[in-house]
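Below: the structure, in structure tokens.
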Amino acid sequence: MLNKKQIRYCLDTMKKMFPEAKGELNHSNPFELVIAVLLSAQCTDALVNRVTEDLFKKYKTPEDYLSVSLEELQQDIRSIGLYRTKAKNIRKLCQVLLDDYNGEVPRTKAELMKLAGVGRKTANVVASIAFNEPAIAVDTHVERVSKRLGICRWKDSVTEVEETLMIKVPREEWSETHHRMIFFGRYHCKARNPNCPECPLLDLCREGKKRMKRAEEN
DNA sequence: AACTCGGGGCA
DNA sequence: TGCCCAGAGTT
């Protein structure tokens, strides 16, 4: 298991590799952030951005999403996977925002997770990025990278990965940590063919060393 | 823990 | 063509 100093080195290195790693879902508007992250489930961020560019011009408020038919909203997000379910969830979510939250987006993880279509990851992203609440969003990239490097254990659940990161990463870096690890995971430490031979973190990477050794034997 | 939803991107 | 993708909900 990596210690705090080693983890800091990892995060600094990731920043050097992807200095532009800002996170494309970094909307200043909490409501738009909820919608964007909800839509992003199981599809690429580039696709979501393409759709939300037009979507957010047409729909500004929860009322706007409820003012059209379900079919019309589905058409507007048709190019995104799971669009039927997501359109239904957006309508449910907007209705709850109006009924229970005066049209505003709630700030805490617990409240966010009660919204339709908002699970652990979306709730964490919105709470941490939009409201700077204490949370680290662990998606598949963050989980994979954490486990390969040895920041956490292989068998850890998503909750355990989350807890470990919150303990070992300074509070003020939680939000940025999310984006750095996602870029690192998406473009370098990929699920299928991680670029271990050219990885600057190979020396301290548990999984990387294992893979290099295995490749050498073949 | 395992399954389903699902169109687009990429090899 | 076949496989995967910045997940959530249900069983």
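Just so we're on the same page: letters track the sequence lines, and every chain starts at 1.
Under 3.5 Å, the side chains of A/Asn195 and A/Tyr187 contain no donor-acceptor pair of N or O atoms. Side-chain atoms of A/Thr159 and A/Arg120 form a donor-acceptor pair, as typed in the model, at a separation below 3.5 Å. A side-chain donor-acceptor contact under 3.5 Å links A/Glu162 and A/Asn124.
Residue A/Val118 is classed as a sugar-phosphate contact, given heavy-atom separations below 4.0 Å to backbone atoms only. In this structure, A/Ala116 reaches the sugar-phosphate backbone alone: every heavy-atom distance under 4.0 Å involves primed, P, OP1 or OP2 atoms, never a base. Across all strands shown, A/Gly81 has heavy atoms under 4.0 Å from base atoms, whether or not it also approaches the sugar-phosphate. Residue A/Leu47 is in sugar-phosphate contact alone, with no base atom involved, counting any heavy-atom pair closer than 4.0 Å across all strands shown.
Within 6.0 Å of NZ on A/Lys58 lie more than 12 heavy atoms contributed by other residues, nucleotides or ligands.
Here the C1' atom of nucleotide B/dT4 and the NZ atom of A/Lys88 are 13 Å apart, to the nearest Å. Between the P atom of C/dA6 and the CG atom of A/Leu38 lies a distance of 16 Å, rounded to the nearest Å. In this structure, the CG atom of A/Leu82 is 14 Å from the P atom of C/dT10, given to the nearest Å. At whole-Å resolution of the value, NZ in A/Lys86 and P in C/dA6 are 12 Å apart. At whole-Å resolution of the value, NZ in A/Lys121 and P in C/dC5 are 13 Å apart. Distance, A/Gln75 CD to B/dG7 P: 12 Å, rounded to whole Å. What separates CZ of A/Arg120 from C1' of C/dA6 is a distance of 15 Å, to the nearest Å. Note: CG (A/Leu39) to C1' (B/dC5) measures 15 Å, nearest angstrom.
In this pair, A/Phe18 and A/Phe183 present their aromatic rings tilted. The plane angle is within the 30 to 60° band.
No option in A/Ile129, A/Val125, A/Asp45 other than A/Val125 meets the side chain to side chain contact (heavy atoms under 4.5 Å, CB included) test with A/Val37.
The P atoms of C/dC3 and B/dT4 are separated by 16 Å, rounded to the nearest whole Å. For the C1' atom pair drawn from B/dG9 and C/dA8, the interatomic distance equals 22 Å after rounding to whole Å. The same atom, C1', is picked in B/dG8 and in C/dG9; the two are 23 Å apart, to the nearest Å. Taking atom C1' on both B/dA2 and C/dA6, the two are 22 Å apart, rounded to the nearest angstrom.
A sub-4.0 Å separation between OP1 or OP2 of B/dG8 and a side-chain N or O of A/Thr44 is absent. Between A/Ser40 and C/dG7 there is no side-chain polar atom (N or O) within less than 4.0 angstrom of OP1 or OP2. Contact annotation: A/Thr85 side-chain N/O to C/dG9 OP1/OP2 distance is not under 4.0 Å.
In this structure, of B/dG9, C/dG7, B/dG7, it is B/dG7 that holds the atom nearest to the side chain of A/Tyr83. Listed nucleotides C/dG7, C/dC5, B/dG9 differ in distance to A/Cys43; the shortest reach to its side chain belongs to C/dC5. Among the nucleotides C/dG7, C/dA6, B/dG9, the one closest to any side-chain atom of A/Gln42 is C/dG7. Among the nucleotides C/dC5, B/dG6, C/dA8, the one closest to any side-chain atom of A/Arg84 is B/dG6. Counting only heavy atoms from C-beta on, A/Arg186 has its side chain closest to C/dA6 among C/dG7, C/dA6, B/dG7.
In this structure, A/Asp139 and A/Leu115 both approach DNA chain C, and ranking their closest nucleotides by distance from the 5' end singles out A/Asp139.
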